[in-house]
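Computation of the quantities below employed the complete heavy-atom set of this structure, encompassing side-chain atoms and omitting hydrogens, waters and symmetry-equivalent molecules. Letters A, B, ... mirror the listed sequences (proteins, then strands); counts begin at 1.
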Number of protein chains: 4
Amino acid sequence: MTIIIKDLDTKKRLFDSAAKVFAKKGFDKATVDEIADYAGVAKGTIYYYFRGKEELFLFLMEEGMERLRLRIESKINDADEIAYSLGKIIDIHVDFVKENSDLCIILLSEAWGISARQERLQDMLDKYYSIVGKFIDAGIAQKVIRPMDKGVIAASLFGITTVAAQHFLRKKDAFDWDPVNSQIREILLRGILVD
Amino acid sequence: MTIIIKDLDTKKRLFDSAAKVFAKKGFDKATVDEIADYAGVAKGTIYYYFRGKEELFLFLMEEGMERLRLRIESKINDADEIAYSLGKIIDIHVDFVKENSDLCIILLSEAWGISARQERLQDMLDKYYSIVGKFIDAGIAQKVIRPMDKGVIAASLFGITTVAAQHFLRKKDAFDWDPVNSQIREILLRGILVD
Amino acid sequence: MTIIIKDLDTKKRLFDSAAKVFAKKGFDKATVDEIADYAGVAKGTIYYYFRGKEELFLFLMEEGMERLRLRIESKINDADEIAYSLGKIIDIHVDFVKENSDLCIILLSEAWGISARQERLQDMLDKYYSIVGKFIDAGIAQKVIRPMDKGVIAASLFGITTVAAQHFLRKKDAFDWDPVNSQIREILLRGILVD
Amino acid sequence: MTIIIKDLDTKKRLFDSAAKVFAKKGFDKATVDEIADYAGVAKGTIYYYFRGKEELFLFLMEEGMERLRLRIESKINDADEIAYSLGKIIDIHVDFVKENSDLCIILLSEAWGISARQERLQDMLDKYYSIVGKFIDAGIAQKVIRPMDKGVIAASLFGITTVAAQHFLRKKDAFDWDPVNSQIREILLRGILVD
DNA sequence: GATGAATGAGAGTTCATTCAT
DNA sequence: CATGAATGAACTCTCATTCAT
């Protein structure tokens with residue numbers, strides 16, 4: 001029992017530590033040493049749980065994306081109106097960026113480009129797009145959303161929330177998220193919904 | 001004379017080579033060796049023209065941002081209507097992403113995070129925001145744009161264009177940019193303009 | 001009782017596993033993990049039975065050398081003619097290489113060089129030389145073997161059998177050992193016996 | 001000019017240093033650090049000249065084998081009698097082991113086993129066998145050598161010279177090589193030539 | 001008897017940078 | 001102007017060993 005707890009403990013500590021360090025430094029500048037230090041374990045321990053730096057990173061990303069997906073799917077009721085659901089998705093998204101800023105910074109900084117790893121990150125983005133895409137399709141079918149390219153809409157949703165949220169995250173001072181949240185929602189909804 | 005021409009020549013070659021390699025690999029994974037190879041010069045030559053890898057990179061970024069700024073300022077007439085100008089800015093922006101995808105990929109991948117260099121990139125983003133911000137302020141004053149936080153709008157503009165443009169850039173096949181362009185414009189303008 | 005049987009069992013499994021892995025990878029490239037995996041025990045178990053990798057290895061080598069020594073001494077009758085005994089030694093030797101190729105590969109690959117462990121392996125070679133040397137001395141005394149340096153003869157015997165046997169072992173296809181065996185014997189005996 | 005000399009100088013120093021260290025420690029135990037130290041260059045320099053430790057090692061081996069091949073082919077006159085040529089080959093071989101003991105120790109210690117690199121070393125052994133094999137074929141055709149398997153003879157030649165020479169090399173004290181040389185030759189020639 | 005999570009010293013390798021030419 | 005041999009600090013990863021259970 002204790003073993004399992006310790007095990008989970010170590011992996012959890014590694015997860016948090018990696019998120020922090022990767023977010024602060026980016027994948028390449030982050031060192032395994034620093035991640036280990038921050039987690040309070042020996043360097044070798046990381047290699048006991050993960051095959052290497054790359055795998056630790058990917059694990060982190062997939063885990064994060066999964067959380068976002070789970071949250072969206074659990075909070076959205078298929079019976080709700082599309083317009084309402086879309087507004088809720090935006091809220092969830094902004095909240096997620098707010099709560100998991102480390103993860104989101106990493107995603108933003110590493111998801112572009114075209115190398116091998118990035119393809120796997122692109123896959124995650126695609127998965128995300130497909131989650132959101134479902135609602136967009138429904139919205140268009142119900143003539144709630146104007147007939148536009150699904151990709152443009154999904155990318156806009158992702159781009160506007162993360163970049164804008166990021167923009168405010170940079171300022172150290174606490175500030176009121178509510179107006180940001182509602183403004184982002186307003187821009188997007190007005191932009192895509194039929195009058 | 002010849003010397004000057006050769007000089008320009010070499011520096012130009014280095015600029016293009018660096019843009020390609022940085023875009024393909026990202027700052028950290030790109031090596032000075034590869035940039036030199038690609039430019040057809042010896043590694044030492046880079047250090048003749050730039051103080052180091054970092055400076056070459058920053059030179060590239062600033063040059064790129066300057067180009068965007070220049071283009072916006074030269075094509076926008078202060079006498080024009082705000083709504084018209086904003087639409088034009090979006091067009092210019094999308095065109096710029098399309099034409100300078102290398103540069104934009106770098107910007108997207110290196111502009112996030114908080115390390116030393118990134119602060120300098122953030123400064124660039126801020127500079128960009130301020131260019132756009134001028135029009136937004138004017139728009140709000142003229143009650144053409146709804147009263148919103150300037151930052152949210154600027155970030156939305158940047159986020160939506162780059163992420164969406166990027167999204168389509170990933171697909172190898174040529175495709176028609178016009179609808180993408182107009183849809184992005186539509187989303188944004190509807191989102192921020194008063195009815 | 002059960003405990004003792006399990007004990008023997010585990011040690012025996014470790015012995016076989018170590019022989020396989022050391023032969024396949026050499027001492028340095030072989031990992032304790034792999035040996036444990038192959039034996040179907042946990043890594044820690046090896047340290048329960050042996051002080052470490054080095055000791056496991058030496059145990060293996062000494063065990064192997066002892067087997068060869070035992071076999072030679074048990075099959076050779078001091079009353080026999082020297083020439084006959086030498087021929088028999090060669091046969092035994094070739095058979096041993098054939099039957100214990102794993103062990104011999106290790107011996108061949110680790111016995112050279114001058115590091116600490118290798119000195120212990122050299123001791124084994126010396127012990128082997130002394131076993132064979134007894135017969136060589138006797139042969140020279142009886143004027144059956146031409147008066148030559150004992151070391152040259154013993155090294156020749158060892159070199160010719162192991163290298164030649166090894167040479168044929170490399171070929172995957174089964175082939176007839178008898179002629180190889182007799183040819184090796186012929187070369188050596190003609191080479192060292194008086195006419 | 002100076003550059004070329006320095007270049008050759010560095011590579012030559014690396015060659016000698018690598019031979020010494022590999023011979024003393026074996027491939028795995030030898031460290032790149034030690035090789036660099038011994039050569040009086042920085043560790044990175046090795047990677048300027050060779051792709052890695054492995055390549056440095058293979059370069060060493062191939063260079064060594066080539067030297068032996070060259071020496072045999074340059075000193076052997078096809079017009080000479082086979083028996084005489086074979087004797088000479090043995091002499092050359094023993095001399096070579098004597099003069100290049102470092103190289104030979106490495107060859108003996110790394111040529112056995114079955115891993116990837118070893119296959120490349122086996123290729124070298126095969127090349128060597130083919131050089132010697134030419135003379136053995138001729139000898140058998142001329143009925144100077146008794147009709148035996150060519151492989152057995154070549155392996156015997158290689159095994160007996162290297163192992164025996166090695167055996168004496170281990171003793172630090174200088175000693176007279178001539179009798180060793182002639183005894184090895186005698187064993188082999190008597191063993192394979194017709195009466 | 002046996003386990004396996006955790007360790008940490010030490011290895012091979014990369015690469016931005018320097019400098020004599 | 002331009003070179004490229006040489007550097008060395010810093011990095012990722014390996015693995016024999018320990019020890020609490």
Q. Nearest nucleotide by nearest heavy atom, which residue falls closer to the 5' end of DNA chain F, A/Val32 or C/Ala30?
A. A/Val32
Q. Rounded to whole angstroms, how far apart are CD on D/Glu54 and P on E/dA11?
A. 17 Å
Q) Can the positive tip of B/Lys29 be found less than 6.0 Å from the middle of the six-membered ring of B/Phe22, inside 45° of the ring normal? A) no
Q) So, are B/Asp16 and B/Lys12 salt-bridged, with charged N and O less than 4.0 Å apart? A) yes
Q | Nucleotide E/dC15, atom C1' - distance to CZ of B/Phe22 in whole Å | A | 13 Å
Q: Please determine, for the side chain of C/Ala42, which listed nucleotide (E/dT3, F/dT3, E/dG8) has the closest atom?
A: E/dT3
Q) If only atom types and distance count, is the side chain of A/Lys20 paired as donor or acceptor with the main-chain N or O of A/Ile35 below 3.5 Å? A) no
Q | Within-4.5 Å side-chain heavy-atom neighbours: C/Glu55 and C/Tyr47 | A | no
Q. Toward the 5' end of DNA chain F, which comes first, D/Ile46 or C/Lys53, by nearest nucleotide?
A. D/Ile46
Q.
Defining pairs by Watson-Crick or G-U wobble geometry with both distances under 3.5 Å, how would you list the stems of DNA chain E with at least three pairs each?
A. E:2-21 with F:2-21
Q) Just how far, in rounded Å, is P of F/dT17 from OH of C/Tyr48? A) 18 Å
**Q.** Short N-O contact, C/Arg13 and C/Asp9, less than 4.0 angstrom
**A.** yes
Q | For atom CG of D/Asp33 and atom P of F/dC11, their distance in whole Å | A | 17 Å
Q) Of all the nucleotides listed (F/dT3, E/dA2, E/dT7), which has the minimum atom distance to the side chain of A/Val41? A) E/dT7
Q.
Taking A/Glu34's backbone N and O only, do any of them form a donor-acceptor pair with A/Lys25's side chain (distance below 3.5 Å, no angle check)?
A. no
Q.
For D/Tyr38, is the OH atom crowded, meaning more than 12 foreign heavy atoms sit under 6.0 Å from it?
A. no
Q | Residue-phosphate contact under 4.0 Å: C/Thr31 side-chain N/O, F/dT14 OP1/OP2 | A | no
Q) Does the side chain of C/Leu14 reach to within under 4.5 Å of the side chain of C/Phe50, using non-hydrogen atoms? A) yes
Q. Rounding to a whole Å, what distance do you find between C/Leu56:CG and F/dC15:C1'?
A. 15 Å
Q. To the nearest Å, how far apart are C/Ile35 CD1 and E/dG4 P?
A. 17 Å
Show each protein N/O and nucleotides 18-20 of chain E N/O combination with a separation under 3.5 Å, one pair to a line.
none

Q) Mind checking whether A/Phe59 and A/Glu63 have side chains closer than 4.5 Å, heavy atoms only? A) yes
Q | D/Phe50 CZ - E/dG12 C1' separation (whole Å) | A | 16 Å
Q: Let me know the distance between NZ of B/Lys29 and P of E/dA16, rounded to the nearest Å.
A: 12 Å
